[in-house]
Amino acid sequence: MLKLLGILVLCLFGRISTGIGSEAEHELLVVTVASNATNGFERFMRSAKVYGYTVEVLGMNQPWKGGDMTRAGGGYKINLLKTFMDTRKDDAKTIYLVTDSYDVMFSAPARSVLDLFLERKYKILFSAEPHCWPNRELASHYPPVLSSSKYLNSGGFMGNGKSISEMLAAGTVSDLDDDQLYYTKLFLDPNQRKDLGIVLDTENEIFQTLYDLDHTVKIRFRDDDAYVFNIEHNTEPAVVHGNGLSKGVLNQMGNYLAKSWTPTLGCLACNESEFKLESLSEMPKLTMGLFIEKPTPFLKEWFERIAALDYPKKHINVFIHNNEKYHEKDVARFIKSAKDYLSVTSKGPEDGMTEAEARTTGIKECLKEKCDYYLSVDSEAMLTNVETIRLLLQQNRTVLAPMMTRPGKMWSNFWGALSYEGFYSRSEDYGEILDYSKMGIWNVPFISTAYMIRKDAIDIDFPLFTNPVASQDFDMIWCKEMRDKGKFLFVTNQQYYGHLVNADNFDIKLKKPDFYQLIDNKPDWEYRYIHQDYHKMKELDTVVEQPCTDVYWFPVVSERYCKDLIEIMENFGQWSSGNNEDKRLQGGYENVPTRDIHMNQVGLERQWMMFLKEYIRPMQEKLYTGYFHDPPHALMNFVVRYRPDEQPALRPHHDSSTYTINIALNRPNVDYEGGGCRFIRYNCSVTDTRLGWTLIHPGRLTHFHEGLPVTKGTRYIMISFVDP
């Protein structure tokens with residue numbers, strides 16, 4: 001009994017070896033090769049720090065001698081490792097974990113990796129993958145394994161100093177040789193495999209490659225941390241390698257791993273590199289590239305919001321490229337308004353500059369001005385948050401896009417994932433990021449439309465924009481080149497920055513084409529065309545004026561709405577005759593005719609139906625409680641024109657409606673004299689109508705009414721018979 005107690009005491013204090021070993025007897029050292037500190041390397045080192053790994057970096061700030069850096073490795077890595085291990089060839093106590101770094105992350109503590117390796121009593125353990133690379137013909141020489149991961153992967157292996165030194169001494173390799181092929185040949189030689197004790201981690205206990213295996217791994221959470229779970233083997237690998245074409249998969253997983261984001265604590269990594277602008281002695285210098293490459297609705301408001309961005313204008317210079325003649329007046333108006341506080345350079349259609357040349361010029365303007373940051377904004381990006389520039393700067397990422405979406409659509413300025421062919425793929429978290437269920441800063445493979453680039457990413461090797469190839473646009477090419485150069489692309493949804501305008505159906509051949517955009521671009525349409533006091537009217541405690549019995553009066557549309565609708569109708573010009581015969585109507589007869597143009601004649605019927613649903617129905621339900629009809633229905637929707645020499649008035653009548661709306665499109669005693677509406681049964685008239693305000697009153701039996709004579713000028717009203 002005393003002897004057993006003595007053994008337990010010795011074990012507790014690490015004085016004798018157990019089957020597993022102890023921290024006092026063994027230590028783990030990570031060895032990696034990196035010639036420069038890319039974003040991927042910084043992520044690797046961060047994950048090592050989070051989980052307690054000690055890392056030795058070989059080759060940092062030295063010229064790369066291993067050929068093409070886009071490949072998985074090179075003999076140069078082996079030769080660097082040989083030199084490092086020469087003094088450690090007799091070290092049996094240190095376990096060396098040799099791994100790539102640019103596309104690798106740790107997802108579990110160092111101690112758990114060390115204990116598992118010692119428990120299995122491995123000599124040398126290599127990572128495994130499902131592809132025999134770089135020589136497929138060697139696949140048949142591998143021992144049979146019932147696992148997806150059958151073949152050696154050189155991106156990660158473990159062993160003590162003695163074992164690894166013996167393996168490295170088993171052959172010679174030039175800097176330009178392939179490191180994976182070197183290790184593969186050793187493994188496939190049965191005698192060397194046995195003598196060196198090389199084993200593949202085919203069950204992904206420690207190593208997890210991702211190429212063609214991303215379907216076998218899931219991100220799960222435990223104790224406010226994320227980990228990788230392999231559903232094929234029920235294991236939790238600790239060294240995750242985005243090998244080959246799976247770097248984007250690792251980037252996505254990296255948004256969660258190493259205590260980056262958790263469901264309970266949110267984004268833990270978001271504030272790690274953040275700074276406060278107030279702490280700087282001088283505000284960063286910003287170059288802003290504004291690009292109008294196609295006809296875009298609500299460009300006037302776009303420029304207004306660019307001008308409203310809260311950042312010292314003396315620190316901003318602007319480059320504008322306008323590729324659309326239709327927008328020349330908008331550009332000229334902005335330049336004129338900003339000339340006193342912004343330095344603006346512009347190129348227009350007459351300059352013949354292609355989009356690729358323009359986007360490259362924007363970057364060159366930044367370099368010429370010795371900018372600290374470059375902000376690129378396309379005309380579809382409606383930046384409504386005036387703090388956007390400050391917020392992006394403070395988040396301090398190499399390339400960062402403010403998340404923007406088309407309202408109500410699964411359409412944004414970023415992709416959550418890529419297919420292996422390099423095209424769009426829906427990530428599992430895409431919808432949650434879009435609807436702000438998950439908020440943070442996300443490493444993504446593709447951004448567009450609006451993004452900020454830090455000056456350290458704009459170097460002599462910066463990938464300038466080139467003409468697109470088949471099936472790819474400028475942004476796809478540029479983003480790929482950035483990824484290939486080790487530059488991470490981030491999107492942030494920590495704040496609401498604005499939204500994307502939908503320009504797909506914007507028809508500049510129309511008179512006032514923005515007016516037609518209610519369905520495709522409701523927020524911007526509403527911003528321009530809905531009366532500023534309308535939404536207050538919907539509040540329950542807001543009293544709505546009642547000039548006559550059961551006749552209500554409230555603001556609904558802006559002055560710009562009224563002006564544009566009149567121009568659309570007058571441009572169309574086909575006013576009805578005012579006679580009873582009307583071929584536009586079913587049956588061809590109008591009992592109480594007016595001089596009018598129907599909304600369907602100018603292509604506005606669908607928009608008007610949405611207008612009734614979104615802006616009239618809520619008020620009707622407030623004012624006439626108990627009546628619900630969603631959506632409203634209306635067959636007769638038209639603009640009426642009254643003139644003394646044409647049709648000055650309208651005889652008494654009932655409307656064929658449950659209720660009628662009557663919007664005043666111009667001003668009494670300014671644009672015309674006389675006019676108004678008289679409700680005969682109540683002997684009540686509304687004459688001094690208000691621009692953009694609507695009367696709403698019951699139709700059919702109760703509100704017999706007439707149009708009072710216009711004595712001078714022209715009066716325009718918008719009429720709709722709702723729910724006939």
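Side chains included, hydrogens not; waters and symmetry mates left out as well; all remaining heavy atoms used. Everything quoted here is computed from the prediction, not taken from an experiment.
Remark: aromatic rings of Phe611 and Tyr529 are distant, center separation not under 6.0 Å. Here the two rings, on Phe414 and Tyr430, have centers that are under 6.0 Å apart. Taking the six-membered ring for Trp and the full ring otherwise, Trp478 and Tyr451 have centroids separated by under 6.0 Å.
A salt bridge is defined here as a Lys NZ or Arg NE, NH1 or NH2 lying under 4.0 Å from an Asp or Glu carboxylate O, and Asp671 with Lys712 fails to meet this definition. Under a 4.0 Å N-O distance rule, the pair Arg426/Glu428 does not qualify as a salt bridge. We find that Lys300 and Asp330 are not joined by a salt bridge, their nearest charged nitrogen and carboxylate oxygen being 4.0 Å or further apart. Glu539 and Lys622 are not joined by a salt bridge, as no carboxylate oxygen comes within less than 4.0 angstrom of a charged side-chain nitrogen. Ion pairing of Glu559 with Lys563 is absent here, as no side-chain N (NZ or NE/NH1/NH2) approaches a carboxylate O to less than 4.0 Å. Remark: Lys485 does not engage Glu481 in a salt bridge, criterion side-chain N to carboxylate O under 4.0 Å. Note on Arg617 versus Glu621: salt bridge recorded, some NZ/NE/NH1/NH2 to OD/OE distance being below 4.0 Å. Note on Lys294 versus Glu324: no salt bridge recorded, every NZ/NE/NH1/NH2 to OD/OE distance being 4.0 Å or above.
Side-chain atoms of Arg454 come within 3.5 Å of backbone N or O of Asn396 as a donor-acceptor pair. Using a distance-only test at 3.5 Å, with no hydrogens or angles considered, no donor-acceptor pair links the side chain of Lys347 to the main chain of Asn322. Distance alone, capped at 3.5 Å, is enough to place a donor-acceptor pair between the Thr542 side chain and the Lys536 backbone. With hydrogens and angles disregarded, a donor-acceptor distance shorter than 3.5 Å links the side chain of Arg397 to the backbone of Gln395. Tyr534 contributes a side-chain N or O that, together with a main-chain N or O of Tyr615, makes up a donor-acceptor pair within less than 3.5 Å. Side-chain atoms of Asn521 come within 3.5 Å of backbone N or O of Asn502 as a donor-acceptor pair. Side-chain atoms of Trp415 never come within 3.5 Å of backbone atoms of Ile447 as a donor-acceptor pair (strictly under, hydrogens ignored). A donor-acceptor pair is defined here as one N or O able to donate and one able to accept, closer than 3.5 Å; no such pair exists between the side chain of Gln252 and the backbone of Gly248. For the pair Asn493 (side chain) and Tyr436 (backbone), a donor-acceptor distance under 3.5 Å is absent. Tyr516 places no side-chain N or O within donor-acceptor distance of the main-chain N or O of Leu518, the cut-off being under 3.5 Å.
Interatomic distance, Thr689 OG1 to Asn666 CG, rounded to the nearest 0.5 Å: 7.5 Å. Atom OG1 in Thr360 sits 6.5 Å away from atom NZ in Lys364 (nearest 0.5 Å). The line from NE2 of His327 to CH2 of Trp302 is 9.5 Å long, rounded to the nearest 0.5 Å. Once rounded to the nearest 0.5 Å, the distance linking CE of Met452 with OG1 of Thr388 reads 9.0 Å. For the atom pair CG of Asn255 and CH2 of Trp261, the computed distance is 10.5 Å after rounding to the nearest 0.5 Å. Taken from CH2 in Trp693 to CZ in Phe554, the straight-line distance is 10.0 Å, to the nearest 0.5 Å.
Residues His499 and Glu380 have side chains that never bring a donor and an acceptor to within less than 3.5 angstrom of each other. For the 3.5 Å distance criterion, the side chains of Tyr374 and Glu369 fail to qualify, holding no donor opposite an acceptor. For the residue pair Gln607/Trp525, the side-chain donor-acceptor check at 3.5 Å is not satisfied. There is no side-chain donor-acceptor pair under 3.5 Å between Asp378 and Thr449. A side-chain donor from one of Arg643 and Thr714 sits under 3.5 Å from a side-chain acceptor of the other. A side-chain donor from one of Thr296 and Ser379 sits under 3.5 Å from a side-chain acceptor of the other. Judged purely by distance below 3.5 Å, without hydrogens or angles, the side chains of Glu605 and Asn637 pair a donor atom with an acceptor atom.
Taking the ring centre of Trp411 as origin, the terminal cationic atom of Arg406 falls inside the region bounded by 6.0 Å and 45° from the ring axis. Cation-pi geometry between Arg359 and Phe319 is not met: the NZ or CZ atom fails to fall both under 6.0 Å from the ring centre and inside 45° of the normal.
Contact of the Cys366 side chain with the Ile458 side chain is registered, since non-hydrogen atoms from C-beta on lie closer than 4.5 Å. The side-chain heavy atoms of Trp608 and Ser720, taken from C-beta on, include a pair separated by under 4.5 Å. Proximity of Ile663 to Val557: side-chain heavy atoms (C-beta onward) are separated by under 4.5 Å at one or more points. The closest side-chain heavy-atom distance from His315 to Leu286 is not below 4.5 Å. With a 4.5 Å cut-off on side-chain heavy atoms, Thr398 and Phe488 do not count as touching. Side-chain atoms of Lys538 and Met619, non-hydrogen and from C-beta on, do get closer than 4.5 Å to each other. The side-chain heavy atoms of Glu365 and Lys368, taken from C-beta on, include a pair separated by under 4.5 Å. Looking at Gln494 and Cys270, their side chains come closer than 4.5 Å, going by heavy atoms from C-beta outward.
For Thr594, the side-chain hydrogen bond (donor to acceptor under 3.5 Å, both in side chains) partners at least two apart in sequence or on another chain are Asp596.
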### Message
Between Lys522 and Met610, does the side-chain contact (heavy atoms from CB on, under 4.5 Å) criterion hold? Intermediate values first, please.
### Response
CA-CA 10 Å; Lys522 182 188 173 192; Met610 183 171 176; 4.0 Å; yes
### Task
Begin from the C-alpha positions of Tyr552 and Gln620 and carry the test side chain to side chain donor-acceptor pair (under 3.5 Å) through to its verdict.
CA-CA 10 Å; Tyr552 295 92; Gln620 171 268 301; over 6 Å; no
### Task
Start with the C-alpha gap between Leu565 and Met718, add the side-chain angles, then the distance that decides, and say whether side-chain contact (heavy atoms from CB on, under 4.5 Å) holds.
CA-CA 9 Å; Leu565 182 55; Met718 174 67 214; 4.2 Å; yes
### Trace of the salt bridge (Lys or Arg N to Asp or Glu O under 4.0 Å) decision for Asp524 with Arg305
CA-CA 12 Å; Asp524 301 293; Arg305 284 161 170 163; 3.1 Å; yes
### Query
Where do Tyr561 and Phe515 land on the ring pair (Phe, Tyr, Trp, His ring centres under 6.0 Å) test, with the steps shown first?
CA-CA 8 Å; Tyr561 177 99; Phe515 196 89; 4.8 Å; yes
### Task
With ring pair (Phe, Tyr, Trp, His ring centres under 6.0 Å) as the test, would you mind laying out the steps for Phe423 and Phe446 before giving the verdict?
CA-CA 10 Å; Phe423 294 96; Phe446 174 86; over 10 Å; no
### Task
Might you work through the salt bridge (Lys or Arg N to Asp or Glu O under 4.0 Å) test for Glu304 and Arg528, ending with a clear yes or no?
CA-CA 12 Å; Glu304 288 175 354; Arg528 179 184 287 189; over 6 Å; no
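The environment of NZ in Lys613 is crowded: more than 12 heavy-atom neighbours from other residues, nucleotides or ligands sit within 6.0 Å. Heavy-atom contacts from other residues, nucleotides or ligands closer than 6.0 Å to NZ of Lys455 number 12 or fewer. Few gaps surround CZ on Arg333; more than 12 heavy atoms of other groups in view lie less than 6.0 Å from it.
Just one of His598, Gln574, Met599 meets the side chain to side chain contact (heavy atoms under 4.5 Å, CB included) condition when paired with Met569; it is Met599.
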